[in-house]
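Below: the structure, in structure tokens.
What you see below is based on every heavy atom in this structure, not just the backbone, and it leaves out hydrogens, waters and symmetry mates.
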Amino acid sequence: MAYQYKRLDKNDAAVLLVDHQTGLLSLVRDIDPDKFKNNVLALGDLAQYFKLPTILTTSFETGPNGPLVPELKEQFPDAPYIARPGNINAWDNPDFVAAVKATGKKQLIIAGVVTEVCVAFPALSAIEEGFDVFVITDASGTFNELTRDSAWRRMEAAGVQLMTWFGAACELHRDWRNDIEGLATLFSNHIPDYRNLINSYNTLTSGK
């Protein structure tokens, strides 16, 4: 069977931010903490830019996992927020699954902490139910490269597509003629080198 390129479609995608909690973030060691937080917020900005339905969820936030990072609450004050009382796999929580299905979207963009549990478990469960799943690798984190790579291989074997937030943004956008300034601003806010690129472009096009 020929390979079928399943590309992200901004009209059929939802974003699931799973367990980006203050306690769990302290476990992330496979990516620099500042870069990781930047990537998570970039994914949030991406979701807002493309007007993608976004769902926030936490696991046992009254325990050591801690509350959701405040920046995400601020980014999505009106998004569905599912505080799971104990379910480790978010897909085991009926309210979470109902919120996902209520979006009416077929493609799920997932990121979370930690990768081999909070990301992999709902990703595999969603694949089983017929969703197309795209995991944002640089907005998901875990203990080390070994656990991360094991999770990536497990998910890939099930059909999950692994992407970065930048790659996902470009695939959703499709064509620079759709908009330059808005997406370029998003990129510049999270990628210093891209800000240099845009500053150079603006200087050249301004004729100064």
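- Here the side chain of T147 pairs a donor or acceptor atom with the backbone of N144 at under 3.5 angstrom.
- Between V160 and A123, the shortest heavy-atom contact is CG2-CB, 4.2 Å.
- Of the inter-residue distances, the one linking D30 atom CG with D138 atom CG reads 10.5 Å to the nearest 0.5 angstrom.
- Salt-bridge check for D12 with K106: failed, with every basic side-chain N at 4.0 Å or more from each acidic carboxylate O.
- Distance check: R7 CZ to M163 CE gives 10.5 Å after rounding to the nearest 0.5 Å.
- Under 3.5 Å, the side chains of D92 and N87 contain no donor-acceptor pair of N or O atoms.
- Under a 3.5 Å cut-off, the side chain of T142 and the backbone N or O of S140 do not form any donor-acceptor pair.
- For the residue pair E61 and A83, the shortest heavy atom distance occurs at OE1-CB, 4.0 Å.
- Residue Q48 comes nearest to Q75 through the heavy atom pair NE2-O, 2.6 Å, listed as atom of the first residue, atom of the second, then distance.
- Around the CD1 atom of I88, the shell of radius 6.0 Å holds no more than 12 heavy atoms that belong to other residues, nucleotides or ligands.
- At a threshold of 4.5 Å between side-chain heavy atoms, the hydrophobic network of Ile, Leu, Val, Met, Phe, Trp and Tyr places V40 and I110 in two separate groups.
- Side-chain contact check for S125 and N89: at least one donor-acceptor pair (N or O, by modelled atom type) lies under 3.5 Å.
- No side-chain heavy atom of D19 sits less than 4.5 Å from a side-chain heavy atom of N65.
- Checked against V18 for a side chain to side chain contact (heavy atoms under 4.5 Å, CB included), the options V119, L56, L24, T57 give a single hit: T57.
- Between E145 and R29 there is no salt bridge, since no side-chain nitrogen of the basic residue lies less than 4.0 Å from a carboxylate oxygen of the acidic one.
- Summarising the geometry of A47 relative to F76, their closest heavy-atom pair is CB-CZ, 4.1 Å, with the distance given to 0.1 Å.
- For the residue pair R84 and T58, no side-chain donor N or O sits within less than 3.5 Å of a side-chain acceptor on the partner.
- Ring geometry, F187 versus W176: the interplanar angle exceeds 60°, so the pair is classed perpendicular (tilted spans 30 to 60°).
- Here CD1 of I55 is found 9.5 Å from CG of L17. Values are rounded to the nearest 0.5 Å.
- Within the model, atoms CG of D132 and CG of L108 stand 8.5 Å from one another, a figure rounded to the nearest 0.5 Å.
- Here CG of L16 is found 13.0 Å from SG of C118. Values are rounded to the nearest 0.5 Å.
- Between Y5 and Y3, the angle of the ring planes stays under 30°, which puts this pair in the parallel group of the 30/60° scheme.
- Closest non-hydrogen pair, N93 versus I82, comes out as OD1-CG2, 3.6 Å.
- Taking each heavy atom of T103 and P53 in turn, the nearest pair found is CG2-CB, 3.8 Å.
- Grouping the Ile, Leu, Val, Met, Phe, Trp and Tyr side chains by contacts below 4.5 angstrom, directly or via other members, places F131 with F96.
- By the 6.0 Å and 45° rule, R154 does not stack over the aromatic ring of W152.
- Around NZ of K35, the count of heavy atoms belonging to other residues, nucleotides or ligands within 6.0 Å does not exceed 12.
- Remark: Q21 CD to S59 OG distance equals 6.0 Å, nearest 0.5 Å.
- Using a distance-only test at 3.5 Å, with no hydrogens or angles considered, a donor-acceptor pair links the side chain of D179 to the main chain of L183.
- For Q107 (side chain) and V133 (main-chain N/O), no donor-acceptor pair under 3.5 Å exists by modelled atom type.
- Applying the 6.0 Å contact sphere to CD of E128 captures no more than 12 heavy atoms from other residues, nucleotides or ligands.
- For the residue pair D45 / H190, a side-chain donor-acceptor distance below 3.5 Å is found, with atom types taken as modelled.
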